[in-house]
Amino acid sequence: QVQLVESGGGLVQAGGSLRLSCAASGSIFSINAMGWYRQAPGKQRGLVAVITSGGSTHYADSVKGRFTISRDNAKNTVYLQMNSLKPEDTAVYYCNAILRREASGSWYDYWGQGTQVTVSS
C-alpha cells in the first residue's frame, strides 16, 4: 500500500502565506515526479507545480513568482510554499506522486486526499 498524506491547508487572508506538505509512505521503491494540483468549485483539477527527482520544476503561470515547490527525497516529501495568496487561489489542493513499488515495476500515479486552502479578501 502507498499513502500520500497532505497537511498545512487552512484559512488565510489575501496577501498571506501557507505551506503545504505531502509525505508519501508505504511500499515505495522510487519516486519520479511529485506535484501539486488544485480544484476550485465548479472547475476542473489543474496543475499548480511539479518537481522531478532531479529538482527540475514547472509552475502554472498563475502562481509563478508566488509559489515555490520543493522536495526532500530522503523523506519522500514534497512541499508547496504559497506566498502573496489571492482569493482565486482558494481550492482543494491535491498532492500527486509518480512512483513505482518495485525495481522492475511500472510507474503509477498516486494521489493524496486533498487539503482545503481558503483565501479571504
*Asks:* Find out whether F67 and M82 are in side-chain contact, i.e. whether some heavy atom of one side chain is under 4.5 Å from a heavy atom of the other.
*Replies:*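 Yes, close enough: below the 4.5 Å cut-off.
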*Asks:* Hydrophobic clustering (ILVMFWY, side-chain heavy atoms < 4.5 Å, transitive) - are V50 and I28 grouped together?
*Replies:*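 No, I28 does not connect to V50 through the hydrophobic network.
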*Asks:* Taking the side chain as everything from C-beta on, heavy atoms only, tell me whether R71 gets closer than 4.5 Å to S53.
*Replies:*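 Result yes, sub-4.5 Å side-chain heavy-atom pair found.
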*Asks:* Is Y37 reachable from V2 through a run of I, L, V, M, F, W or Y residues, each pair having side-chain heavy atoms under 4.5 Å apart?
*Replies:*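 V2 does not cluster with Y37.
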*Asks:* Can you confirm whether L80 sits close enough to T68 that some side-chain heavy atom of one is under 4.5 Å from a side-chain heavy atom of the other?
*Replies:*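 A side-chain contact under 4.5 Å is absent here.
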*Asks:* Nearest 0.5 Å please: distance from the CE atom of M34 over to the CG atom of L4.
*Replies:*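 M34 atom CE to L4 atom CG measures 5.5 Å (nearest 0.5 Å).
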*Asks:* With the side chain counted from C-beta on, respond yes when N96 and Y94 share a heavy-atom pair under 4.5 Å apart, and no when they do not.
*Replies:*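 The answer is no, as the side chains (C-beta and beyond) never meet within the 4.5 Å cut-off.
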*Asks:* How long is the straight-line distance from OG of S30 back to CD1 of I98, given to the nearest 0.5 Å?
*Replies:*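 Atom-to-atom, I98:CD1 and S30:OG are 11.5 Å apart.
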*Asks:* Is there a donor-acceptor contact under 3.5 Å linking the side chains of Y93 and R38?
*Replies:*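 The criterion, which ignores hydrogens and geometry beyond distance, is satisfied for R38 and Y93.
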*Asks:* May I ask whether V63 and V12 are part of the same hydrophobic cluster, defined by side-chain heavy atoms of I, L, V, M, F, W, Y residues being less than 4.5 angstrom apart, directly or through others?
*Replies:*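 Cluster IDs for V63 and V12 match.
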*Asks:* Could you state whether V48 and Y110 fall into the same hydrophobic cluster, counting links through intermediate Ile, Leu, Val, Met, Phe, Trp or Tyr residues with side-chain heavy atoms under 4.5 angstrom apart?
*Replies:*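 Both belong to a single hydrophobic cluster.
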*Asks:* Applying side-chain hydrogen bond (donor to acceptor under 3.5 Å, both in side chains), run through R66 and S84 and close with a yes or a no.
*Replies:* CA-CA 6 Å; R66 299 188 298 123; S84 302; over 6 Å; no
*Asks:* Quick one: does NZ or CZ of R19 land under 6.0 Å from the six-membered ring centre of Y79, within 45 degrees of the ring axis?
*Replies:*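 Relative to the ring axis of Y79, which defines the angle, R19 lies inside both limits.
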*Asks:* Could you report the tightest heavy-atom contact between K75 and T77, atom names first, then the distance?
*Replies:*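 Closest heavy-atom pair between K75 and T77: O-OG1, 2.9 Å.
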*Asks:* Go through the steps for D89 and K86 under the test salt bridge (Lys or Arg N to Asp or Glu O under 4.0 Å), then give the verdict.
*Replies:* CA-CA 5 Å; D89 294 318; K86 305 175 181 179; over 6 Å; no
*Asks:* By the side-chain hydrogen bond (donor to acceptor under 3.5 Å, both in side chains) test, which pairs, at least two apart or in different chains, include something from residues 111-121?
*Replies:*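 Output for this query lists E6-Q113, Q116-T118.
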*Asks:* Step by step, would you call R100 with F29 a side chain to side chain contact (heavy atoms under 4.5 Å, CB included)?
*Replies:* CA-CA 6 Å; R100 55 182 176 177; F29 177 78; 3.9 Å; yes
*Asks:* In this structure, would W36 and L85 fall into the same cluster of hydrophobic residues linked by side-chain contacts under 4.5 Å?
*Replies:*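 Hydrophobic grouping puts W36 with L85.
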*Asks:* When rounded to the nearest 0.5 angstrom, what is the spacing between OG in S106 and CG in L99?
*Replies:*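 Reported to 0.5 Å precision, the distance equals 11.5 Å.
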